Amino acid sequence: GRAVTVSDVQQLVRRKDEIEAQIKAYYEVLEDQKGVGMNEPLVDVEGFPRADIDLYQVRTARHNIICLQNDHKALMKQVEEALHQLHAREKEKQAKDEAEALAEARSQEQGLPRAFARVNEVTPGSPASLSGLQVDDEIVEFGSVNAHNFQNLQNIATVVQHSEGRPLSVTVIRSGKKVHVGLTPKRWAGKGLLGCNIIPLQR
């Protein structure tokens, strides 16, 4: 019915050890009886029960050894099956975890729009820097420019010139997540209205 646990296996192994100890003890009983093993005859040449050994003890020991060895065999099979189940469950869990991670990554990818350019330089103190734009941000939308209508960097330059002093909505992908940045192009101590360098992404 229920799933096998590691402690089940440990219990089986403990039981196996106990049986092995019992078998060993019975073999020692046989040893004590003049070293009678499992198969030596218990009668003398004339067919009389041997008088030099305790027949009852020998018979009991032999009988118990046979029973215990059968138990041992059955137990070893249980241990093997339990380990097999545990292993199969581990593999199943691992496969499930991997599938979930993959699905998660895929839906993230699908949820991410395509970038068309990348920020490869941001000057400290510039409008771009103050807006929170970072190096390696991949640009998905820059005002009205997106992956579908972007031809070259002139598109971005045009948007920037038309938006001087007005906030532009910029969407970037940063370490796998969409980030919105409000960027206001304006005159500052450095050159241009942004203070960052953008390069087109080769697709």
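What's counted below: heavy atoms across the whole structure, side chains too, no hydrogens, waters or symmetry copies. Everything numeric in this text was worked out from a predicted model, so none of it was measured.
The salt bridge (charged side-chain N to carboxylate O under 4.0 Å, His left out) contacts involving residues 165-174 comprise Asp137-Arg174, where partners must be two or more places apart or lie in separate chains. Applying the side-chain hydrogen bond (donor to acceptor under 3.5 Å, both in side chains) definition to pairs two or more places apart or across chains, those involving residues 31-49 are Gln33-Gln57. Residue pairs meeting the salt bridge (charged side-chain N to carboxylate O under 4.0 Å, His left out) criterion with at least one member in residues 4-13, sequence neighbours excluded: Arg2-Asp8. Annotation: side-chain hydrogen bond (donor to acceptor under 3.5 Å, both in side chains) contacts involving residues 120-131, sequence neighbours excluded, comprise Asn120-Asn197.
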Report all side-chain donor-acceptor pairs from residues 17-25 shorter than 3.5 Å, counting only partners two or more places apart or in another chain.
from	atom 1	to	atom 2	distance (Å)
Glu20	OE2	Lys16	NZ	3.2
Glu20	OE2	His72	NE2	2.7
Lys24	NZ	Glu28	OE2	3.1

Report all side-chain donor-acceptor pairs from residues 76-90 shorter than 3.5 Å, counting only partners two or more places apart or in another chain.
from	atom 1	to	atom 2	distance (Å)
Arg89	NH1	Val4	O	3.0
Arg89	NH2	Val4	O	2.7

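Closest non-hydrogen pair, Asn149 versus Ser144, comes out as ND2-O, 3.0 Å. Ile198 and Ala117 get closest at one heavy-atom pair: CG2-CB, 3.5 Å. The nearest pair of heavy atoms linking Ala61 to Leu30 is CB-CD2, 3.8 Å. The shortest non-hydrogen separation linking Pro49 to Leu55 is CB-CD1, 3.3 Å. Smallest separation of non-hydrogen atoms from Leu133 and Cys196: CD2-SG, 4.0 Å.
To the nearest 0.5 Å, atoms CD (Glu141) and OG1 (Thr171) are separated by 4.0 Å. For the atom pair CG (Asn64) and CG (Asp71), the distance works out to 10.0 Å, reported to the nearest 0.5 Å. Here the CZ-CG distance, from Phe142 to Asn155, works out to 11.0 Å after rounding to the nearest 0.5 Å. With rounding to the nearest 0.5 Å, the separation of CE in Met38 from OH in Tyr26 is 12.0 Å. Residue Leu183 holds its CG atom at 9.0 Å from OG of Ser163, rounded to the nearest 0.5 Å. For the atom pair SG of Cys67 and CZ of Arg62, the computed distance is 14.0 Å after rounding to the nearest 0.5 Å.
Cluster annotation: Val122 is not connected to Ile199 through the hydrophobic network of ILVMFWY side chains, with a link wherever side-chain heavy atoms come within less than 4.5 Å. Side-chain heavy atoms closer than 4.5 Å link hydrophobic residues (I, L, V, M, F, W, Y) into clusters, and following such links, possibly through other members, connects Leu75 to Val6. Taken together through direct or relayed side-chain contacts under 4.5 Å among Ile, Leu, Val, Met, Phe, Trp and Tyr, Val135 and Leu153 form part of one hydrophobic cluster. The hydrophobic cluster containing Leu130 does not contain Ile139, counting ILVMFWY residues as joined when their side-chain heavy atoms lie under 4.5 angstrom apart, directly or transitively. Under a hydrophobic clustering in which Ile, Leu, Val, Met, Phe, Trp and Tyr are joined whenever their side-chain heavy atoms come within less than 4.5 Å, directly or via other members, Ile156 and Trp188 fall into different clusters.
Partners of Ser7 under the side-chain hydrogen bond (donor to acceptor under 3.5 Å, both in side chains) rule, at least two apart in sequence or in another chain, are Thr5. With sequence neighbours excluded, no residue forms a side-chain hydrogen bond (donor to acceptor under 3.5 Å, both in side chains) with Arg15. With sequence neighbours left out, Asp136 forms a salt bridge (charged side-chain N to carboxylate O under 4.0 Å, His left out) with Arg118. For Arg187, the salt bridge (charged side-chain N to carboxylate O under 4.0 Å, His left out) criterion is met by Glu164, not counting sequence neighbours. With sequence neighbours excluded, the residues forming a ring-ring contact (aromatic ring centres under 6.0 Å, His included) with Phe150 are Phe116, listed by chain and number. Scanning for salt bridge (charged side-chain N to carboxylate O under 4.0 Å, His left out) contacts around Lys191 gives an empty result, with sequence neighbours left out.
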Step-by-step side-chain contact (heavy atoms from CB on, under 4.5 Å) determination, Leu42 to Val58: CA-CA 9 Å; Leu42 299 186; Val58 172; 3.7 Å; yes

